[in-house]
Amino acid sequence: MKKPLILIANDDGITAPGVHRLIDFIHDLGEIVCLCPDSPRSGGSMALTVNGALRVKDCGEYMGARMYSTNGTPTDCVKLAWHTVLLDRKPDLVVTGINHGSNAAINVLYSGTMGAAQEGCAFGVPSVGFSLTDHSMRADFSACRPFVRAIVSGMLSHGMPEGICLNVNIPDSVQPPVCMRLVRACRGNWSDEYKQYTDPAGHAFYMLAGALINAEPDSTDTDLHVLSQGEVSVVPVRLDRTADDATAPRELQWLAELCKETFSHE
């Protein structure tokens with residue numbers, strides 16, 4: 001039997017450790033094609049390259065995965081893959097990440113990792129974005145392995161409801177997490193988002209900064225809460241922004257059951 005086709009993208013770039021660890025974890029689960037930006041494109045959400053020329057570069061293989069890069073955005077990566085390296089062959093799964101840094105709460109709106117996952121979902125392909133809450137390029141992704149494999153295997157077996165993808169965040173904690181929780185995105189916002197500096201010529205410039213504020217710190221059914229408890233958060237994300245609930249539909253019962261399990265890191 002033919003292996004399922006898995007398309008991988010990210011927003012940290014083709015050389016980021018996170019995407020290589022992702023391939024390490026799932027290379028045996030399918031035929032993998034990876035198309036990522038040629039440099040970091042964090043914060044790009046679902047941005048597209050509209051007026052610029054896009055190019056695709058063959059970057060060889062890694063663990064049997066065919067590796068490509070482009071000068072475009074994470075969303076461009078998913079769109080381009082259809083028309084170039086996949087030659088209109090529809091993948092069975094789109095997996096994005098593993099992102100360096102959290103995409104929990106309101107960050108899902110800005111994330112290029114989740115922008116690429118949502119683009120896969122828009123094509124009607126089961127899609128998931130993975131993130132580790134450590135921004136360092138030297139982050140240790142080993143704690144992600146059992147959860148990445150469990151969710152990817154589950155999605156290949158069960159699929160996903162139409163118009164819904166998954167946003168999975170794994171905490172960078174002292175003790176590796178042993179369970180997942182199916183929850184909703186926490187309400188919140190960023191405060192003091194920009195800091196002002198002065199260049200040598202005396203002109204002001206600004207750099208993104210700030211802190212994420214949890215608007216519902218007493219709620220226990222949110223991604224920020226479970227991450228604070230050292231657990232993995234799994235949030236179903238709807239493409240239809242008019243959705244008035246964040247509860248799992250019946251088609252995701254397999255995932256609800258998976259989130260009751262304890263995982264080993266042996």
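Just so it is clear, the model here is predicted, and its values are computed rather than measured. Below, all heavy atoms of this structure are taken into account, side chains as well, without hydrogens, waters or symmetry copies.
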Carboxylate-amine/guanidinium proximity below 4.0 Å for Arg41 and Asp38 = yes
Any heavy-atom pair between the side chains of Leu255 and Leu166 that's under 4.5 Å? yes
I'd like to know if the side chain of Thr96 reaches the main chain of Ala116, judged simply by a donor and an acceptor atom lying under 3.5 Å from each other, with no hydrogens or angles considered. no
_Set out, in order, the CA-CA distance, both residues' side-chain angles and the distance that settles side chain to side chain contact (heavy atoms under 4.5 Å, CB included) for Asp24 and Tyr62, then state yes or no._
CA-CA 9 Å; Asp24 288 339; Tyr62 175 77; 2.6 Å; yes
So, do Val33 and Pro91 sit near enough that their side-chain heavy atoms are less than 4.5 Å apart? no
Value for CD1 (Ile32) from CE (Met67), rounded to nearest 0.5 Å, stands at 9.5 Å
**Request:** Look only at the side chain of Ser45 and the backbone of Ala47, and say whether a donor-acceptor pair between them is shorter than 3.5 Å.
**Result:** no
Q.
Contact between Phe123 and Lys90 at the side-chain level, heavy atoms closer than 4.5 Å - yes or no?
A. no
### Message
Test side chain to side chain contact (heavy atoms under 4.5 Å, CB included) on Arg66 and Leu35; report intermediate values, then the result.
### Response
CA-CA 8 Å; Arg66 293 154 50 200; Leu35 178 55; over 6 Å; no
Residue pairs passing the side chain to side chain donor-acceptor pair (under 3.5 Å) test with at least one member in residues 49-59, sequence neighbours excluded, are Thr49-Asp76
Within a 6.0 Å radius of atom CD on Gln196, are there more than 12 heavy atoms belonging to other residues, nucleotides or ligands? yes
Taking the side chain from Asp221 and the backbone from Val183, do they hold a donor-acceptor pair closer than 3.5 Å? no
CG of Leu182 to CD of Gln253, rounded to nearest 0.5 Å, is 9.5 Å
Applying side chain to side chain contact (heavy atoms under 4.5 Å, CB included) to Ser228 and not counting sequence neighbours gives His225
message = Please determine whether the number of non-hydrogen atoms from other residues, nucleotides or ligands lying under 6.0 Å from atom CZ of Arg187 exceeds 12.
response = no
- Query: Between the main-chain N or O of Met114 and the side-chain N or O of Gln118, is there a donor-acceptor pair closer than 3.5 Å?
  - Reply: yes
Note: Ala117 and Gly129 closest approach over all heavy atoms is CB-N, 4.0 Å
Tightest non-hydrogen contact, residues His265 and Pro176, listed as NE2-CB, 3.3 Å
Original post:
Between the side chain of Thr84 and the main-chain N/O of Leu80, is any donor-acceptor distance below 3.5 Å?
Top reply: yes
query: Do Leu54 and Tyr68 share a hydrophobic cluster, counting only Ile, Leu, Val, Met, Phe, Trp and Tyr and linking them when any side-chain heavy atoms are less than 4.5 Å apart?
result: yes
| Distance-only side-chain donor-acceptor flag, Ser136 / Asp134, under 3.5 Å | no
- Task: Please check if Val125 and Met155 belong to a single hydrophobic cluster, counting links between Ile, Leu, Val, Met, Phe, Trp and Tyr side chain heavy atoms closer than 4.5 Å.
- Result: no
Problem set entry | Side chain Asn167, main chain Ser233, donor-acceptor under 3.5 Å | no
* Going only through I, L, V, M, F, W and Y residues with side-chain contacts under 4.5 Å, is there a path from Met160 to Ile26? -> yes
Q) side chain to side chain contact (heavy atoms under 4.5 Å, CB included) between Trp190 and Ile213: does it pass, once the steps are laid out? A) CA-CA 6 Å; Trp190 286 85; Ile213 304 300; over 6 Å; no
- So if you build clusters from Ile, Leu, Val, Met, Phe, Trp, Tyr with side-chain heavy-atom gaps below 4.5 Å, do Phe130 and Leu227 land together? no
Side-chain donor/acceptor of Asp11 to backbone N/O of Thr113, under 3.5 Å: yes
Rounded to the nearest 0.5 angstrom, the SG-CD distance for Cys186 and Glu216 is 4.0 Å
When every non-hydrogen atom of Ala185 is compared with those of Val235, the smallest separation belongs to N-CG1, 3.8 Å
- Does the side chain of Pro4 come within less than 4.5 Å of Leu93's, by heavy atoms? no
When rounded to the nearest 0.5 Å, the distance separating SG of Cys144 from CG of Leu132 is 4.5 Å
Exactly one of Ile8, Asn99, Val95, Asp12 clears side-chain contact (heavy atoms from CB on, under 4.5 Å) with Val19, and that residue is Ile8
- Message: Donor-acceptor pair, distance only, cut-off 3.5 Å: does the side chain of His100 make one with the backbone of Arg138?
- Response: no
In this structure, CG of Leu239 is separated from CE of Met46 (nearest 0.5 Å) by 6.5 Å
Closest non-hydrogen atoms of Ser127 and Gly120, given as atom of the first, atom of the second and distance, are OG-C, 3.2 Å
Here the gap from Asn189 atom CG to Asn214 atom CG, rounded to the nearest 0.5 Å, amounts to 10.0 Å
For Ser102 and Thr133, the nearest pair of non-hydrogen atoms, with its separation, is CB-CG2, 3.6 Å
Backbone of Ala105 reached by a side-chain donor or acceptor of Asp223 within 3.5 Å: yes
Review point. Is there a donor-acceptor pair closer than 3.5 Å between any side-chain N or O of Arg149 and the backbone N or O of Phe25?
Key: yes
Linking I/L/V/M/F/W/Y whenever their side-chain heavy atoms sit closer than 4.5 Å, directly or via other members, would Val152 and Trp254 fall into one cluster? yes
Between Ile14 and Cys34 the two heavy atoms that sit nearest each other are CD1-SG, 4.2 Å
ask   = Quick one: does Cys77's side chain get under 4.5 Å of Pro37's, heavy atoms only?
value = yes
Any non-hydrogen side-chain atom of Leu224 less than 4.5 Å from a side-chain atom of Leu212? yes
Could you go step by step and tell me if His20 and Phe141 meet the side chain to side chain contact (heavy atoms under 4.5 Å, CB included) rule?
-> CA-CA 10 Å; His20 290 85; Phe141 289 90; over 6 Å; no
Any heavy-atom pair between the side chains of Val232 and Pro171 that's under 4.5 Å? yes
